[in-house]
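Below is a structure I'd like to ask you about.
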Amino acid sequence: MAWGGRRYLRAFVGGFFVAVPVTVTALDRLAYVARVEGASMQLCPQPFLNPEGGSDCDVVLLNRWSVRNYEVRRGDIVSVMSPKNPQQKIIKRVIGLEGDFIRTLSYKNRYVRVPDGHFWIEGDHHGHSLDSNSFGPVSVGLLHGRASHIVWPPNRWQRIEASLPADRGPLDTEEEEG
């Protein structure tokens, strides 16, 4: 019995020391899950994270692999390191990419050209969101992951598609000139 127990313990410890680095690498490079807290993403028609508000929080799958080259699309919901507090990650929708002209909602300038290496992010609930309207364009270096699926609660399981609210997004060049 003692030898069988030791063999089991040795196999467990050996497996543990293989599994932990593999798991850490997978979470660091591939994807992980995160709770979406707060009201800033509640009002968009799809997928409107945390529609119930209160203590019920959606849990999303954040795909790290898809943003490894800092490529995002307008309408993607992304996780970024907060420019105001590097200890905090925030989840917002990409409204504009580098080179786009954006009509801001409450930023110091009414119109902004998104500089190279940056993007413009906003929460869907504009009155309750700390986003680019507060701190300006965000460096792509702060990009952490793209929300690809809602994984909790089970009745909300769905893929998250990139979509822009109808009144948001970059200005057309005709609008800029006219």
Side-chain angles (χ1 to χ4, degrees), residues 31-64 66-152 156 158-173 175-176:
Y32 69 99
V33 295
R35 283 176 54 139
V36 179
E37 297 176 343
S40 73
M41 296 299 293
Q42 284 181 350
L43 292 185
C44 187
Q46 194 276 332
F48 60 88
L49 301 174
N50 295 341
E52 308 295 319
S55 63
D56 294 335
C57 294
D58 284 346
V59 176
V60 295
L61 179 68
L62 291 173
N63 185 331
R64 298 210 7 110
S66 69
V67 297
R68 69 191 178 284
N69 295 324
Y70 304 107
E71 295 174 9
V72 294
R73 299 170 298 176
R74 290 177 198 91
D76 281 345
I77 295 178
V78 296
S79 170
V80 298
M81 200 174 329
S82 171
K84 293 282 189 191
N85 178 2
Q87 303 300 317
Q88 181 184 25
K89 291 186 183 84
I90 57 177
I91 293 181
K92 305 294 176 194
R93 186 178 305 276
V94 176
I95 300 298
L97 304 173
E98 61 184 22
D100 287 348
F101 284 89
I102 301 294
R103 179 183 44 83
T104 68
L105 299 174
S106 58
Y107 190 57
K108 60 185 177 186
N109 300 329
R110 183 73 176 133
Y111 298 96
V112 171
R113 180 190 173 278
V114 180
D116 291 345
H118 291 73
F119 52 90
W120 189 269
I121 58 172
E122 293 180 353
D124 292 340
H125 195 183
H126 301 299
H128 299 276
S129 181
L130 186 62
D131 55 26
S132 287
N133 286 294
S134 303
F135 44 70
V138 176
S139 170
V140 296
L142 298 177
L143 183 62
H144 198 258
R146 174 185 296 125
S148 63
H149 295 81
I150 297 174
V151 297
W152 192 263
R156 296 200 14 88
Q158 62 182 298
R159 181 180 175 87
I160 299 174
E161 300 293 340
S163 65
L164 281 173
D167 61 338
R168 300 304 301 143
L171 299 173
D172 293 334
T173 52
E175 286 182 39
E176 296 165 19

Original post:
Taking all atoms of both residues into account, what is the closest heavy-atom pair of Gly75 and Arg93, and its distance?
Top reply: O-NH1, 3.2 Å
**OP:** For the residue pair Asp100 and Arg74, establish whether any side-chain heavy-atom pair is separated by less than 4.5 Å.
**Re:** yes
**OP:** Start with the C-alpha gap between Val138 and Ser132, add the side-chain angles, then the distance that decides, and say whether side-chain contact (heavy atoms from CB on, under 4.5 Å) holds.
**Re:** CA-CA 7 Å; Val138 176; Ser132 287; 3.8 Å; yes
Subject >> Derivation of the side-chain contact (heavy atoms from CB on, under 4.5 Å) call for Glu98 and His118 >> reply: CA-CA 6 Å; Glu98 61 184 22; His118 291 73; 5.7 Å; no
Subject >> Atom pair NZ/OG of Lys92 and Ser129 - distance to nearest 0.5 Å >> reply: 3.0 Å
Original post:
Atom OG in Ser163, atom CZ in Arg168: separation rounded to 0.5 Å?
Top reply: 14.0 Å
Original post:
Which atoms form the tightest heavy-atom contact between Ile102 and Pro170, and what is the distance?
Top reply: CD1-CA, 3.9 Å
Subject >> Phe135 and Leu130: CA distance, side-chain angles, deciding distance, side-chain contact (heavy atoms from CB on, under 4.5 Å) verdict >> reply: CA-CA 8 Å; Phe135 44 70; Leu130 186 62; 4.0 Å; yes
Original post:
What pair of heavy atoms forms the shortest contact from His144 to Arg64, and how long is it?
Top reply: O-NH1, 2.8 Å
**OP:** Check side-chain contact (heavy atoms from CB on, under 4.5 Å) between Thr104 and all other residues, then give those that pass, not counting sequence neighbours.
**Re:** Tyr107, Val112, Trp120, Asn133
Original post:
Rounded to the nearest 0.5 Å, what separation is found between the CG atom of Leu164 and the CD atom of Glu122?
Top reply: 9.5 Å
Original post:
How far apart are the closest heavy atoms of Asn63 and Ser148, and which atoms are they?
Top reply: CB-OG, 4.2 Å
**OP:** Check the pair Ile90 / Ile121 against side-chain contact (heavy atoms from CB on, under 4.5 Å), numbers first and verdict last.
**Re:** CA-CA 10 Å; Ile90 57 177; Ile121 58 172; 4.3 Å; yes
Original post:
Hey, does Val72 have a side-chain heavy atom less than 4.5 Å from the side chain of Leu97?
Top reply: yes
Original post:
Can you pull the salt bridge (Lys or Arg N to Asp or Glu O under 4.0 Å) pairs that have at least one residue in residues 131-143, sequence neighbours excluded?
Top reply: none
Let me check something: any side-chain donor-acceptor pairs from residues 77-87 under 3.5 Å, sequence neighbours excluded? List them with distances.
residue: Ser82; atom: OG; partner: Lys84; partner atom: N; Å: 3.2
residue: Ser82; atom: OG; partner: Asn85; partner atom: N; Å: 3.2
residue: Asn85; atom: OD1; partner: Gln87; partner atom: N; Å: 3.0

Original post:
Who passes salt bridge (charged side-chain N to carboxylate O under 4.0 Å, His left out) against Asp116, sequence neighbours left out?
Top reply: Arg113
Original post:
Taking only residues two or more places apart in sequence or in another chain, which ones pass salt bridge (charged side-chain N to carboxylate O under 4.0 Å, His left out) with Asp76?
Top reply: Arg73, Arg146
**OP:** Would you please name every residue forming a side-chain contact (heavy atoms from CB on, under 4.5 Å) with His149, sequence neighbours left out?
**Re:** Leu61, Val151, Arg159
